[in-house]
Amino acid sequence: MVEVHELWTLIVSLIVLKLCHWIYQWNNPKCNGKLPPGSMGFPIIGETFELMKPHDALQFSTFLKKRILRHGQLFRTSLFGGKVIISMDNELNMEMAKKNYVPGLKLRIIEDIDLLARKYMEEGATNGYLDVKETASMILIECLAKKVMGEMEPEAAKELALCWRFFPSGWFRFPFNIPGTGLYKMIKARKKMMKLLKETVMKKKASGEEFGEFFNIIFKEMEGGKERMSVENAIEYIYTFFLIANETTPRILATIVKLVSENPKVMHELHKEHAGILGFKTEKGAGLTWEDYKSMTFTQMVINESLRITTTVPTVHRIPEHDIKVGDYTIPAGWTFMGYPSVHYNPEKYDDPFVFSPWRWKGKDLGAIVSKNYIPFGAGPRLCVGADFAKLLMTIFLHHLCRYRFIL
Ligand code: HEM
């Protein structure tokens, strides 16, 4: 007869064996070829904590630097429980960027941004301070809401803009959904936003009222295609759109203002450019025109340079549907591919790459949002759909900011 303690020993041994097997499998994931070198870190956690360590925003993280030294330009890791391939290889990033297809959308609005930027900047000047990130976020959401949803009831539009205040500036926080915590407030705000969006959509559908261009595009594409998108899915899509927009532009704009404030020569040149544009206006308070925007060449050089030097995050994200061969290695289907724009810091492509110098863009095509050596907005069919809009917003924001003297 088997003794109780023998049974326990057997159970524990089996559990330990299973655990060892699981850890082994975690560290040696299956692949129909050879995986790029790297480590999967601890089970589930992977190397997430190392990635999250704070680092200089104008440099790649120590996490990346160490792994590049150890494994080269292409390596594997695990982040947030997922299997990830990280690439610093520009040619591969451009190849990967060509994969997947999501229809592109381009938005162009100048009047709304001009009016809102002017209004907020005047308020800031009266108060004596301006929170660049929050102001940019307000302008962005107000403009997008109109462009996406069409005219909204003023109360609903106001409430929608207010909801964004509960969204964190950083996404890493303790995952406790307890009343009073940031996460709790954010989830509540998200629910409210979805409700507001749904109510607006339902009212407009019922009354046959016009949606904004973007919403029309989503519905037309979906209704014309094989699959119809449900209102819930469309709202989810719109919400994500707002989220992406709000997570990028205000943060970059705040960094631009910091870079400009720290570089008196750049600040001087910017003030000169905008004083010139204002000086040419015969009517006081006249709105900006497309020609004015196009004439802000130095501002656009500043924006291009800022995007180049501050993009230390991956800009090409793909989850390949099939295994992809890269030299000796295989990027397995289902893994997350993260391509970093290391080319932005390549001294062969940019002289003194760590120096902030807007003048290096002189004579270049400032309208281009992507080239083989410049990918802040990604590349390929999934290139950022808001790139032109973001550049327009940042340019007009800087124009109005430069009407005032400012310090950090
Ligand atoms: C300076 C500001 C911005 C930066 C640096 C930026 C950057 C990016 C990057 C790197 C991607 C991924 C491209 C890829 O994987 O190939 C992306 C995608 C996207 N961006 Fe932006 N973005 C910015 C502003 C915006 C704004 C203002 C909007 C909305 C109006 C927006 C909407 C989107 C959307 C919807 C996608 C997904 C496109 C797709 O999957 O096809 N972005 N963006």
Side-chain angles (χ1 to χ4, degrees), residues 57 84-87 90 92-110 112-113 116-117 132-133 136-149 164 167 212-215 217-218 221 233-257 259 299-300 302-320 336-344 368-372 374-398:
V84 176
I85 300 286
I86 289 187
S87 159
N90 196 44
L92 173 62
N93 293 349
M94 294 305 263
E95 266 315 300
M96 289 296 289
K98 289 182 196 154
K99 301 187 189 297
N100 285 12
Y101 181 71
V102 171
L105 303 161
K106 294 275 174 270
L107 304 168
R108 282 208 169 88
I109 29 175
I110 197 161
D112 291 346
I113 307 176
L116 286 167
V132 174
K133 206 161 164 265
S137 175
M138 300 283 274
I139 299 174
L140 186 83
I141 298 302
E142 268 188 64
C143 286
L144 273 188
K146 214 167 165 188
K147 209 65 192 161
V148 172
M149 305 296 292
W164 286 104
F167 281 75
E213 280 162 46
F214 182 67
F215 206 92
I217 292 169
I218 299 179
E221 273 170 8
N233 284 350
I235 287 168
E236 198 62 64
Y237 198 92
I238 287 168
Y239 169 79
T240 313
F241 187 75
F242 277 101
L243 197 70
I244 299 177
N246 200 43
E247 263 304 292
T248 48
T249 320
R251 183 175 49 83
I252 306 263
L253 202 39
T255 319
I256 297 179
V257 174
L259 284 169
T299 314
Q300 290 174 38
V302 169
I303 291 172
N304 276 14
E305 178 65 350
S306 305
L307 282 165
R308 180 193 70 81
I309 206 166
T310 59
T311 310
T312 52
V313 292
T315 55
V316 175
H317 310 84
R318 298 290 183 273
I319 301 182
T336 302
F337 175 89
M338 286 170 36
Y340 278 76
S342 58
V343 65
H344 291 187
I369 49 171
V370 58
S371 76
K372 69 181 188 340
Y374 187 65
I375 51 168
F377 294 106
R382 301 204 55 187
L383 177 71
C384 173
V385 296
D388 286 323
F389 170 72
K391 283 182 83 173
L392 181 66
L393 190 142
M394 293 192 285
T395 309
I396 299 178
F397 190 100
L398 289 175

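FYI, the numbering just counts along the sequence from 1. Both backbone and side-chain heavy atoms feed into the values below; hydrogens, waters and symmetry mates do not. Whatever order the structure lists them in is the order used to number ligands and atoms, beginning at 1.
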Report summary line: When rounded to the nearest 0.5 Å, the distance separating CD1 of Ile252 from OG of Ser306 is 8.5 Å
Query raised in the report: Looking only at non-hydrogen atoms, which of Leu243, Leu140, Asp388, Thr315 approaches atom 14 (C) of ligand 1 most closely?
Result: Thr315
Query raised in the report: Is the side chain of Arg318 donor-acceptor paired with the backbone N or O of Met338 at a distance under 3.5 Å, no angle test?
Result: no
Report summary line: For Ala390, the ligand 1 atoms with a heavy-atom partner under 4.0 Å come out as 2 (C), 24 (C)
Report task. State yes or no: are the ring centers of Tyr374 and His344 separated by less than 6.0 Å? Result -> yes
Query raised in the report: Quick one: which of Asn93, Leu393, Ile244, Ile256 has a heavy atom closest to atom 37 (C) of ligand 1?
Result: Ile244
Report summary line: Taken to the nearest 0.5 Å, the spacing of Phe397 CZ from Leu116 CG works out to 11.5 Å
Report task. Go through ligand 1 atom by atom and flag the ones less than 4.0 Å from a non-hydrogen atom of Ile252. Result -> 1 (C)
Query raised in the report: Under a 4.0 Å heavy-atom limit, does Phe389 contact ligand 1 with its side chain, its backbone, both, or neither?
Result: side chain
Query raised in the report: When you measure from the side chain of Asn90 to the backbone N and O of Lys372, does any donor-acceptor pair fall under 3.5 Å?
Result: yes
Query raised in the report: Against heavy atoms of Gly378, which atoms of ligand 1 measure under 4.0 Å?
Result: 10 (C), 13 (C), 16 (O)
Query raised in the report: Backbone N or O of Lys133 within a donor-acceptor pair of the Ser137 side chain at under 3.5 Å?
Result: no
Report task. State whether the side chain of Thr311 and the backbone N or O of Pro376 hold a donor-acceptor pair below 3.5 Å, judged by distance alone. Result -> no
Query raised in the report: Under 4.0 Å from ligand 1, counting heavy atoms only, is it the side chain of Pro376, its backbone, both or neither?
Result: backbone
Query raised in the report: For ligand 1, which atoms have a heavy atom of Ala379 less than 4.0 angstrom away?
Result: 16 (O)
Query raised in the report: Below 4.5 Å, heavy atoms only, C-beta onward: do Thr336 and Ile85 meet side chain to side chain?
Result: no
Requested in this report: Just go through Ala136, Cys384, Ala97 and tell me whose heavy atom is the nearest to atom 43 (N) of ligand 1.
Outcome: Cys384
Requested in this report: Can you figure out which of Arg318, Arg382, Arg251 has its heavy atom closest to atom 15 (O) of ligand 1?
Outcome: Arg318
Requested in this report: Examine the proximity of ligand 1 to Ala387 and report which part, side chain or backbone, both or neither, has a heavy atom under 4.0 Å away.
Outcome: neither
Query - Pairwise distance CE(Met394) to OG1(Thr299) - rounded to 0.5 angstrom - result: 11.5 Å
Query - Atoms of ligand 1, numbered as shown, that sit under 4.0 Å from any heavy atom of Thr249 - result: 2 (C), 24 (C), 27 (C)
Query raised in the report: Does ligand 1 have an atom under 4.0 Å from some heavy atom of Gly380?
Result: no
